[in-house]
Amino acid sequence: MEKFEKLTGIAAPLDLVNIDTDMIIPKQYLKTIKREGLGVNLFDEMRYDQDGNENPDFVLNKPAYRETQILVAGDNFGCGSSREHAPWAIKDFGIRCVIAPSFADIFFNNCFKNGILPIPLPQEQVDILMKDAEKGANARMTVDLENQTITTSDGVEIAFEVDPFRKHCLLEGLDDIGLTLNKATAIDGFESKMAQDRPWV
Amino acid sequence: MTGKTLYDKLWDAHLVDQAEDGTCLLYIDRHLVHEVTSPQAFEGLRMSGRTVRAPEKTIAVPDHNVPTTEGRETKIDNEESRIQVEALDKNARDFGVVYYPVSDIRQGIVHIVGPEQGWTLPGMTVVCGDSHTATHGAFGALAHGIGTSEVEHVLATQTLIQKKSKNMKVEITGTLPPGVTAKDITLAVIGKTGTAGGTGYVIEYCGEAIRALSMEGRMTVCNMAIEGGARAGLIAPDDTTFDYVKGRPHAPKGAQWEAALTWWKTLKSDDNAHWDKVVTIRAEDIAPVVTWGTSPEDVLPITGTVPAPGDFQGGKVEAARRSLDYMGLKPGTPLTEIKVDAVFIGSCTNGRIEDLRAAAEILKGKTLAPGVRGMVVPGSGLVRAQAEEEGLDKVFTEAGFEWRLAGCSMCLGMNPDQLAPGERCAATSNRNFEGRMGRGGRTHLMSPVMAAAAAVTGHLTDVRELLAETV
Ligand code: SF4
């Protein structure tokens with residue numbers, strides 16, 4: 001998994017509550033065989049009209065936000081279906097960090113599995129960041145996972161909480177598989193014992 | 001000291017590591033793979049430069065998307081389906097896993113191929129990115145479905161991160177009456193416990209009526225454990241199991257067979273084991289059942305009538321109203337008056353040779369009722385070949401059924417086999433969800449003999465009446 005240490009980039013404001021995974025990536029894109037490539041359809045129904053043309057009013061279509069790496073959003077982000085395609089689409093677009101007052105549980109977990117840092121913050125702090133994000137391309141925000149701080153373009157620093165184990169995994173780029181592979185000796189040991197006890201397996 | 005359940009024993013035998021918070025790492029003996037839930041997992045391996053840890057324990061077969069008509073080796077019309085099948089071809093080749101392509105006579109539904117080839121053995125852990133992996137529990141193997149991230153995890157590490165479930169015992173006492181089958185047992189259990197009744201549990205099925213079932217019947221029972229919400233279903237292995245397994249291509253031979261047998265015989269729950277929940281049903285109380293709604297728990301004996309929403313409580317009232325509306329049924333209608341347009345015999349629940357024999361027995365010398373279309377889809381190429389050797393295909397085709405190639409087919413309609421909107425089907429599969437067999441299609445779940453009976457009369461029918469005629 002890709003490491004997450006310190007990220008300085010464009011933050012996009014998406015001031016909507018209850019953004020569900022259907023809005024993040026609609027179901028017609030689930031028949032794919034890839035994790036990548038979903039970025040073009042991120043927020044598909046808000047981003048494009050019926051004929052597939054870009055909706056110029058949608059934030060990610062504005063010139064200032066095409067390179068967005070941080071998303072600042074409303075309450076209960078990622079609710080609805082458990083599809084892992086939602087974090088896949090966010091990541092594929094290039095967004096590595098989502099900041100919101102709260103997140104749906106499964107989506108929150110899926111983010112960490114895919115190298116994305118979701119940060120829940122009190123509404124007042126999200127409001128500050130939302131304002132900062134509205135400044136567009138010239139205003140770069142910094143998310144520092146090691147020190148657990150977000151710094152706005154004009155230097156305001158906001159601290160955030162993160163589960164120590166998950167922080168460790170993101171900093172080191174460890175996914176579940178990486179972690180299990182750390183136990184390779186135990187797996188090797190189990191296999192050699194099994195070769196003796198149950199050789200027919 | 002309390003004894004252990006079969007589940008406890010299987011768990012302990014596969015425990016690689018246990019963390020302080022109770023999270024465990026379980027070793028996986030067999031990983032079954034199909035084309036729909038595996039592409040991103042293989043892709044993940046490629047992106048991170050990882051390999052499949054145990055390709056010889058990983059068995060891949062396309063089944064969900066494949067058409068069941070001739071010519072499919074060279075051409076699959078639906079592009080998305082074709083891409084998924086081609087991706088499996090490539091992944092199987094690139095990573096060197098065991099593979100049965102559509103051109104191979106051994107191809108079929110993954111849950112039928114595994115046992116048939118002797119990949120599934122007693123005492124194993126078996127996983128697949130598919131919820132009906134529960135089927136393999138019939139061998140006394142701990143078997144359950146997993147998600148795509150977990151598929152990748154198993155491919156890379158041959159282990160799975162798990163927390164232990166609770167133990168539930170489902171005992172079926174006595175002897176099944178004539179015309180009542182394994183499918184009726186499993187539907188009756190879900191009817192009693194509800195679709196969430198098994199949530200958090202691993203079920204062990206036991207009792208005389210379970211012991212008396214063939215392996216095919218036991219697989220039918222375990223297949224639907226998931227429909228009751230359980231993580232897995234289990235049946236302790238016995239002589240029926242050992243006889244079925246012996247001589248299969250990948251079953252142990254010689255001295256290894258003897259060693260395996262010695263261990264397999266210890267795989268049963270101790271008399272003093274602790275059960276978190278016990279359900280007992282008398283086999284004599286089970287009648288041939290059918291579903292009337294859009295959840296597998298919507299089960300009634302064929303002698304019943306369509307219920308009214310007011311017969312239920314809580315959230316189920318609204319659910320029943322919606323179901324009845326979708327199914328186009330009126331409360332109070334006798335179930336036997338419900339006319340069918342189609343009959344589907346197949347799926348991982350009832351696509352094995354014994355199922356086809358049972359259906360053919362009812363259909364022999366009879367024909368489909370006017371206006372009813374019928375489709376038989378064997379669970380694997382080998383089941384199909386065996387059926388042809390026994391002349392069952394003739395019975396079906398002479399009755400007016402289509403005789404198809406192996407695959408999931410209409411069970412989930414990801415391939416061209418689908419119900420039309422409003423079309424009503426007597427089906428031997430396992431899910432009657434809205435739109436499952438095709439948008440707007442209406443599914444009544446039942447056993448193969450009950451489906452055959454409906455085919456002959458054109459409406460839901462108590463198969464025992466047809467049996468009485470033949471005697
Ligand atoms: S036959 Fe149906 S239930 Fe079984 S694996 Fe195929 S789609 Fe799933």
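Naming convention: chains lettered A, B, ... in sequence-line order (proteins, then strands); numbering from 1 in each chain. The structure presented is a predicted model; accordingly, all values stated were derived computationally and were not measured.
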*Go through the structure and list residues passing side-chain hydrogen bond (donor to acceptor under 3.5 Å, both in side chains) with B:H31, not counting sequence neighbours.*
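With sequence neighbours excluded, B:H31 shows a side-chain hydrogen bond (donor to acceptor under 3.5 Å, both in side chains) to no residue whatsoever.
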*Apply side-chain hydrogen bond (donor to acceptor under 3.5 Å, both in side chains) to B:H14 and list each qualifying residue two or more places apart in sequence or on a separate chain.*
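For B:H14, the residues satisfying side-chain hydrogen bond (donor to acceptor under 3.5 Å, both in side chains) (neighbours in sequence not counted) are A:R198, B:D29.
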*Please name the pair of heavy atoms, one in A:I177 and one in B:A156, separated by the smallest distance, quoted to 0.1 Å.*
CG2-CB, 3.6 Å
_Contacting region of A:D175 [heavy-atom separation from chain B under 4.5 Å]_ = side chain
*Between A:E191 and chain B, which part of the residue has a heavy atom less than 4.5 Å away: side chain, backbone, both or neither?*
side chain
Under 4.5 Å from any heavy atom of chain A - which part of [X]:
{"X": "B:A13", "result": "both"}
{"X": "B:K57", "result": "side chain"}
{"X": "B:N91", "result": "neither"}

Distance in Å, [X] [atom1] paired with [Y] [atom2], rounded so as to fall on 0.5 Å steps:
{"X": "B:I83", "Y": "A:I33", "atom1": "CD1", "atom2": "CD1", "result": "6.5 Å"}
{"X": "B:T157", "Y": "A:L179", "atom1": "OG1", "atom2": "CG", "result": "11.0 Å"}
{"X": "A:F190", "Y": "B:L26", "atom1": "CZ", "atom2": "CG", "result": "8.5 Å"}

Is the count of non-hydrogen atoms from other residues, nucleotides or ligands lying under 6.0 Å from [X] atom [atom1] greater than 12?
{"X": "A:E5", "atom1": "CD", "result": "yes"}
{"X": "A:K91", "atom1": "NZ", "result": "yes"}
{"X": "A:K6", "atom1": "NZ", "result": "no"}

*N-O pairing of A:K113 and B:E152 below 4.0 Å*: no
*asked:* Heavy atom to heavy atom, less than 4.5 Å: which residues from residues 42-53 of chain B reach chain A?
replied: B:E43, B:G44, B:M47, B:R50, B:R53
Does the side chain of [Y] come within less than 4.5 Å of [X]'s, by heavy atoms?
{"X": "A:V201", "Y": "B:Y27", "answer": "no"}
{"X": "B:H153", "Y": "A:T180", "answer": "yes"}
{"X": "A:K34", "Y": "B:P39", "answer": "no"}

*Where does the angle between the aromatic ring planes of B:W264 and A:W200 fall among parallel (under 30°), tilted (30 to 60°) and perpendicular (over 60°)?*
perpendicular
Looking at [options], which one has more heavy-atom pairs under 4.5 Å with chain A than the rest?
{"options": "B:A87, B:A260, B:S38", "answer": "B:A260"}
{"options": "B:E56, B:Q256, B:Q158", "answer": "B:Q256"}
{"options": "B:P252, B:S149, B:G123", "answer": "B:S149"}

*What residue pairs, at least two apart or across chains, pass ring-ring contact (aromatic ring centres under 6.0 Å, His included) with a residue in residues 165-185 of chain A?*
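Qualifying pairs, neighbours excluded: none.
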